[in-house]
Number of protein chains: 2
Amino acid sequence: MTDQLSEVPDEGVTRRAARSQEDILEVATAEFAANGYAGARVDEIAARTRTTKRMIYYYFGSKEALYLTVLERVYAQIRRVERGIQIDELSPTEALRKLAEATYDHHTTHEMFIQLVSIENIHRAEHLQQSETILRENATAITLLEQVIERGVREGIFRDDVDALDVHMMISAYACFHVANRHTFAAIFKRDMLDPALQPSHRRLIGDMIVATMADRRNRRTVP
Amino acid sequence: MTDQLSEVPDEGVTRRAARSQEDILEVATAEFAANGYAGARVDEIAARTRTTKRMIYYYFGSKEALYLTVLERVYAQIRRVERGIQIDELSPTEALRKLAEATYDHHTTHEMFIQLVSIENIHRAEHLQQSETILRENATAITLLEQVIERGVREGIFRDDVDALDVHMMISAYACFHVANRHTFAAIFKRDMLDPALQPSHRRLIGDMIVATMADRRNRRTVP
DNA sequence: GTCTATATATCGATAGAC
DNA sequence: GTCTATCGATATATAGAC
């Protein structure tokens, strides 16, 4: 890799710069997630990279712009996960469970994403609202869920008074809480919600919860 | 904040001093909730009270000690709400719904509590762990839930593979998410989860969700 | 693009009079 | 208990050489 780069000086410099920026973003993500926006230190980020503080400002302009780039990066990541979910051959019930489990799997393995979302909410999403990319792209996660629910309602197996956003809210709430409130929950109740021994049953429970709620046909407004 | 959070002042402290401390705590709660621990400014808290910054340090010693007092105060508040819940004459199903709705009602009307819990989780609950009062008192919320579930299992109407902490987790997750992730959710999906027009249906849904999950008797391990 | 050194601002905390 | 004034530490951001 390094040899190839030195053979092509022009690309080498750019590629090296891109790698340096990636390096900064990686460290910055951890720093912001761990300490919040105001608590994060640019000095600390610089110290943990191969580059210097001067380069952070050279590449990103400001602490806020760096934070925004970090935010866009983790939202792009979950978008990729969501796009990869396949539910074509599944029944509405099975599809719902699979979507819930996929969200649970993503959130429980991406603690920094959840922390950054919490931080962003403390700041009333004012940074997120500056990102047209996130606002435009991340809302599309809901379309798959809409199709599943519509099919389930049409087949008469789902209640019809809960829409896709409500279901997404229930799934996200459960999966987020496991990670976001892990520490206060553990401190008070002495149970680590991310304990690997608990994950199979918690993964089953999120599916049970969503399926049981949606399959409760007593709540239908119209007869199928 | 409209709730009565004030404690009875010590005999040695004048009424004016106690009122001054209450004034500081009121403003500090809002300041920490709105900006996080590192983002909160002691100067700003002082400016919005009738007292001065010097007095904040005189009464509370440090920014961190002030924050800890704020934390204990909001946790004491939810404890009072939890203690006031009456479910004596209700069936296990009705009791479960009432507990879920009470949590929903508390969280949706105490945004600052939820924000402070989020902030505390960003800091890995390191302040909360210093408060013996919170750790000792707030875990008792679970006993009422334990009794309800035990009764429901005994009567053969609830599944028996989900314990009280899991139910508490599901209820808290739903109710917390509404408040904690309100801003990112609204930014991306253009729906304010705290819109008063949505509250009746969301309040019904949390009850439906918990009852449907627990009443799913296919998940029983033992025959009642 | 990369470095060292530094400007500029702000914040938590305190001194000391009354 | 209460005030004004201010310290000392630390933060973001930048200057300017190479």
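Computed over heavy atoms, backbone and side chain alike; hydrogens, waters and symmetry mates excluded. From a predicted model like this one, the values you see are computed outputs, not experimental measurements. Lettering of chains follows the sequences in order, A, B, ..., and the numbering in each one begins at 1.
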I'd like to know if the side chain of B:Glu120 pairs up with that of A:Thr184 as donor and acceptor (distance under 3.5 Å, no hydrogens or angles considered). no

Using a cut-off of 6.0 Å, state whether more than 12 heavy atoms not belonging to B:Arg79 lie near its atom CZ. yes

Please say whether more than 12 non-hydrogen atoms of neighbouring residues, nucleotides or ligands are located less than 6.0 Å from CZ in B:Arg16. no

So for the helix from C:dG1-D:dC18 to C:dC18-D:dG1, with five pairs setting each end axis, what is the inter-axis angle to 10°? 10°

Plane angle bin for B:His106 and B:His110 - parallel if under 30°, tilted between 30 and 60°, otherwise perpendicular: parallel

Strand-adjacent residues in residues 36-48 of chain A, judged by heavy atoms under 4.0 Å from DNA chain D: A:Ala40, A:Arg41, A:Val42, A:Asp43

Using the ring centroid of each side chain, check whether B:Tyr174 and A:Phe177 are separated by less than 6.0 Å. no

Residues two or more places apart in sequence or in another chain: which of them pass salt bridge (Lys or Arg N to Asp or Glu O under 4.0 Å) with A:Glu150? A:Arg154

Rounded distance (Å) that lies between atom P of D:dA11 and atom CD of A:Glu31: 10 Å

With A:Glu82, which residues qualify under salt bridge (Lys or Arg N to Asp or Glu O under 4.0 Å), at least two apart? none

Could you walk me through whether A:Leu165 and B:Phe185 pass side chain to side chain contact (heavy atoms under 4.5 Å, CB included), step by step? CA-CA 10 Å; A:Leu165 267 190; B:Phe185 196 91; 4.0 Å; yes

DNA chain D contacts among residues 51-64 of chain A, heavy-atom distance under 4.0 Å: A:Lys53, A:Arg54, A:Tyr57, A:Ser62, A:Lys63

A:Asn35 side chain to A:Glu31 main-chain N or O, any donor-acceptor pair under 3.5 Å? yes

Check the distance between C:dA13's C1' and B:Tyr67's OH and give it to me in whole angstrom. 20 Å

Expressed in angstrom and rounded to an integer, what is the separation of A:Arg50 atom CZ from C:dG1 atom P? 19 Å

Would you give me the side-chain donor-acceptor pairs under 3.5 Å for residues 196-214 of chain B, sequence neighbours excluded?
residue, atom, partner, partner atom, Å
B:Gln199, NE2, B:Leu194, O, 3.2
B:Ser201, OG, B:Leu198, O, 3.0
B:His202, ND1, B:His178, NE2, 2.9
B:His202, NE2, A:Asp166, OD1, 2.9
B:Arg203, NE, B:Asp105, OD1, 2.8
B:Arg203, NE, B:Asp105, OD2, 3.3
B:Arg203, NH1, B:Glu101, OE1, 3.4
B:Arg203, NH2, B:Asp105, OD2, 2.7
B:Asp208, OD1, B:Arg97, NH1, 3.1
B:Asp208, OD1, B:Arg97, NH2, 2.9
B:Asp208, OD2, A:Arg159, NH1, 3.2
B:Asp208, OD2, A:Arg159, NH2, 2.9
B:Asp208, OD2, A:Asn219, ND2, 3.2
B:Thr213, OG1, B:Met209, O, 2.6

